[in-house]
Amino acid sequence: MLLNQQSVLEISALREESTKEWFVSFKKIPILIYEAIQIDIWKHKVFPLLIEMNEEPKNTFMFYTIFYHEDIAVSLLENVLFHCESAETMNDSVLDLVDYSVKSVSLLLDVPNIEIYESVKDPNSCLEDIFEKKKEFEFDIGMRCISILRYLAEFADNLPLCVLSRLLATHDVPYLLVELLEKHPWKKENAEGESMLYNSGWKKVKLSEEGKISKIEGQIWFGLRELLLNPKSAPYYEVTEHRFSQLLKKYLHECVLDQISPLIDLKRWLSYLSISSTYISTPQAVNVELIPQIKSSIMEKYHKKWKKIAKHQSKFIYTTDANYIKNAAQILSDAYDLDKLDCIEVKECFLCHEEAKQRCSKCKEAWYCGRYRFSFHTYIK
């Protein structure tokens with residue numbers, strides 16, 4: 001969690017991304033992929049058993065931390081995979097990431113649906129709240145995985161050819177992205193009829209920003225461009241008449257081209273296919289495709305052990321021990337200690353610009369090197 005906070009801080013401050021460098025240097029990105037896939041399997045194999053075997057939970061905190069951990073892992077993946085060198089260190093785990101991302105993004109096309117368990121009777125119960133939190137995290141993960149798919153498409157030339165084959169031949173990601181443009185799950189209207197956009201949370205659209213391409217929609221367009229215009233894609237993706245009719249829908253209009261000029265090449269390519277009335281059909285490439293290992297290894301390791309795991313975890317997740325829950329909450333709270341992040345960068349005194357080790361406890365912004373500087377700062381405030 002601290003690593004994710006540090007990564008966000010570095011990106012927002014346009015600083016050197018040391019967090020990304022650590023993951024690249026020590027080749028730890030596969031660990032993030034493993035963590036996300038492991039919790040996703042837990043949600044489908046263990047979570048339903050926990051609900052079935054136990055009574056109504058007394059609190060939502062323990063379940064919340066598990067769901068949140070998956071979201072944090074995906075968030076950190078989204079940040080570090082912005083750079084090509086990060087993608088190159090994933091090795092074979094990149095195939096597992098492709099499958100996980102496609103699955104998460106596909107859920108966005110059916111947002112209203114949510115798993116229902118017979119034990120849910122009271123709409124105001126903790127259990128219902130847990131399902132709602134699970135749904136919110138899965139939605140956020142799906143949105144982040146759109147960016148991840150775009151990065152994988154962009155860096156496909158630096159990844160094994162089997163990645164491009166899996167994106168195109170196995171999962172038909174271009175078709176999936178076009179479906180997203182049609183459903184646009186990142187847009188909605190609130191109760192007052194105001195337009196809302198999703199960007200790590202729902203926010204109202206300002207009048208001055210209406211018609212502006214959102215970040216998520218931009219990622220989809222760039223992903224489509226990288227996949228369809230890549231010369232290496234042809235052996236793995238046949239543009240049939242049905243696929244062409246989907247790609248040629250009126251989404252790529254002038255407003256989009258004005259805001260994302262690199263899409264002119266994609267528009268020109270589609271126009272050429274439309275005029276020539278010939279669709280791209282090339283012989284399928286013969287290659288040895290790797291099989292994703294992370295999910296299959298976890299499923300094999302815990303085969304027929306899910307009930308045993310659920311029984312063991314029930315003692316901790318359904319605990320009523322106030323001290324245990326308090327200690328777990330304190331660990332999560334400590335992860336938000338900004339002082340642990342600020343100490344990484346040398347701070348300057350707001351007056352003399354010397355090295356500062358103390359921060360104003362009121363505004364949380366000014367740093368000072370001594371009591372006099374602090375007194376002067378509080379005076380001018």
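Along the sequence shown, residues are numbered consecutively beginning with 1. All values below were derived from every heavy atom in this structure, side-chain atoms included, with hydrogens, water molecules and symmetry-related copies excluded.
- Rounding to the nearest 0.5 angstrom, the gap separating the CG atom in D92 from the SG atom in C162 is 7.0 Å.
- The CZ atom of R144 lies 10.0 Å from the CG atom of L76; values are rounded to the nearest 0.5 Å.
- Using a cutoff of 4.0 Å between basic side-chain nitrogens and carboxylate oxygens, D99 and R166 are scored as salt-bridged.
- Only one option out of F316, Y68, Y318 pairs with F63 in a ring pair (Phe, Tyr, Trp, His ring centres under 6.0 Å); it is Y318.
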Inset, instruction - Run the numbers on W269 and V239 for side chain to side chain contact (heavy atoms under 4.5 Å, CB included), then give the verdict. - result: CA-CA 12 Å; W269 181 74; V239 182; 4.0 Å; yes
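- Looking at L32 and K28, their side chains never come closer than 4.5 Å, going by heavy atoms from C-beta outward.
- Minimum heavy-atom separation, M143 to L108: N-CD1, 3.9 Å.
- Checking side-chain atoms of E78 against main-chain N and O of I148 turns up no donor-acceptor pair under 3.5 Å.
- Using a distance-only test at 3.5 Å, with no hydrogens or angles considered, no donor-acceptor pair links the side chain of E194 to the main chain of V205.
- Put simply, the side chain of F67 reaches to within 4.5 Å of the side chain of K43, judged on heavy atoms.
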Inset, instruction - Run the numbers on V163 and F155 for side chain to side chain contact (heavy atoms under 4.5 Å, CB included), then give the verdict. - result: CA-CA 10 Å; V163 174; F155 305 138; over 6 Å; no
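- Checked by atom type and distance alone, the side chain of S104 never pairs as donor or acceptor with a backbone atom of C145 at under 3.5 Å.
- In the hydrophobic clustering of ILVMFWY residues, with side-chain heavy atoms under 4.5 Å counting as a link, I11 and I146 come out apart.
- Between the side chain of S25 and the backbone N or O of W22 there is no donor-acceptor pair closer than 3.5 Å.
- Aromatic ring centres of H242 and Y175 lie closer together than 6.0 Å.
- Hydrophobic clustering (ILVMFWY, side-chain heavy atoms < 4.5 Å, transitive): L81 and V24 are in distinct clusters.
- Between the D96 side chain and the Q293 main chain, a donor and an acceptor come within less than 3.5 Å of each other.
- Considering CH2 of W221 and CD of Q259, their distance stands at 12.0 Å, rounded to 0.5 Å.
- The pair K134-E138 meets the salt-bridge criterion, with a side-chain N (NZ, NE, NH1 or NH2) lying under 4.0 Å from an Asp/Glu carboxylate O.
- Checked against D40 for a salt bridge (charged side-chain N to carboxylate O under 4.0 Å, His left out), the options K45, K295, K103 give a single hit: K103.
- How far NZ of K203 is from CD of E209: 10.0 Å, rounded to the nearest 0.5 Å.
- Side-chain atoms of L164 and L227, non-hydrogen and from C-beta on, do get closer than 4.5 Å to each other.
- The shortest side-chain heavy-atom distance between M196 and K187 does not fall under the 4.5 Å cut-off.
- Under a hydrophobic clustering in which Ile, Leu, Val, Met, Phe, Trp and Tyr are joined whenever their side-chain heavy atoms come within less than 4.5 Å, directly or via other members, I213 and L207 fall into different clusters.
- Put simply, the side chain of S75 never gets that close to the backbone of D71: no donor and acceptor are under 3.5 Å apart.
- Distance alone, capped at 3.5 Å, places no donor-acceptor pair between the D172 side chain and the L168 backbone.
- The backbone N or O of L161 lies less than 3.5 Å from no partner atom in the side chain of S165, so there is not a single donor-acceptor pair.
- Taking a cutoff of 4.0 Å between a charged side-chain nitrogen and a carboxylate oxygen, D321 and K326 do not qualify as a salt bridge.
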Inset, instruction - Show your reasoning for whether side-chain hydrogen bond (donor to acceptor under 3.5 Å, both in side chains) applies to E70 and W42. - result: CA-CA 11 Å; E70 181 187 8; W42 179 91; over 6 Å; no
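- Residues C126 and P57 share a closest heavy-atom pair of CB-O, 3.5 Å.
- To the nearest 0.5 Å, the span separating CG on N4 from CG on N79 amounts to 6.0 Å.
- Annotation for P174 and Y237: closest pair CB-OH, 3.6 Å, computed over non-hydrogen atoms.
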Inset, instruction - Show the numbers, then the answer: is there a side chain to side chain contact (heavy atoms under 4.5 Å, CB included) between L95 and I291? - result: CA-CA 7 Å; L95 294 176; I291 304 298; over 6 Å; no
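- Residues T319 and N59 approach most closely at O-ND2, 4.2 Å, considering heavy atoms.
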Inset, instruction - Determine, step by step, whether L107 and F139 satisfy the side chain to side chain contact (heavy atoms under 4.5 Å, CB included) criterion, reporting the C-alpha distance in whole Å, the side-chain angles of both residues, the deciding distance to 0.1 Å, and the verdict. - result: CA-CA 8 Å; L107 292 176; F139 185 83; over 6 Å; no
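- With a 4.5 Å cut-off on side-chain heavy atoms, S314 and L50 count as touching.
- Counting heavy atoms from C-beta on, the side chains of Y198 and D140 come closer than 4.5 Å.
- Between L77 and L97, the shortest heavy-atom contact is CD1-CD1, 4.1 Å.
- With a 4.5 Å cut-off on side-chain heavy atoms, K20 and S7 do not count as touching.
- One side chain, E35 or H69, offers a donor N or O that lies under 3.5 Å from an acceptor on the other.
- Between D129 and K133 there is no salt bridge, since no side-chain nitrogen of the basic residue lies less than 4.0 Å from a carboxylate oxygen of the acidic one.
- The hydrophobic clustering, which links ILVMFWY residues whose side-chain heavy atoms are closer than 4.5 Å, places V80 and F82 together.
- Using a 4.5 Å cut-off on side-chain heavy atoms (C-beta onward), I141 and Y100 make contact.
- Criterion: ILVMFWY side-chain heavy atoms under 4.5 Å apart, direct or through other members. Under it, F23 and I31 are not part of a common hydrophobic cluster.
- To the nearest 0.5 Å, atom CD1 of residue I298 and atom CD1 of residue I37 are 6.5 Å apart.
- Here the closest heavy-atom approach between residue R225 and residue P262 is recorded as NE-O, 2.8 Å.
- Although no hydrogens or angles enter the test, the distance criterion places a donor-acceptor pair under 3.5 Å between the side chain of E56 and the main chain of L127.
- A donor-acceptor contact shorter than 3.5 Å is absent between the side chain of S101 and the backbone of L149.
- Both the sub-6.0 Å distance and the 45° axial angle are satisfied by K188 relative to the ring of W202.
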